[in-house]
Amino acid sequence: MELPLDEEDGTFTIISLADDSEHLSRIPPSKVERGHTTMMNSDMDDLSARVDAVKEENLKLKSENQVLGQYIENLMSASSVFQTTDTKSKRK
């Protein structure tokens, strides 16, 4: 890109490129707001779906943990390794 040469003193004139704010100022505010609202609603829907999925997974894991806890408790009570012993009566 060539810079325009100032004929009077032989220096270049710097031309700034249009920035985003200038470009956005040309878009009607209602269209910008609708775009932001649509994007925010989409993000909120995604987050809500994720929260629901995590809640469902949490409930499933809690249920599985209860079943496993009961199973382990039953195994421990059935095993002689985990039975309490009365040390006083065995010493006599």
Interatomic distance, E56 atom CD to L59 atom CG [nearest 0.5 angstrom]: 8.0 Å

Q70: side-chain contact (heavy atoms from CB on, under 4.5 Å) partners, not counting sequence neighbours: E73, N74

pair K62-Q66: side-chain heavy atoms closer than 4.5 Å: no

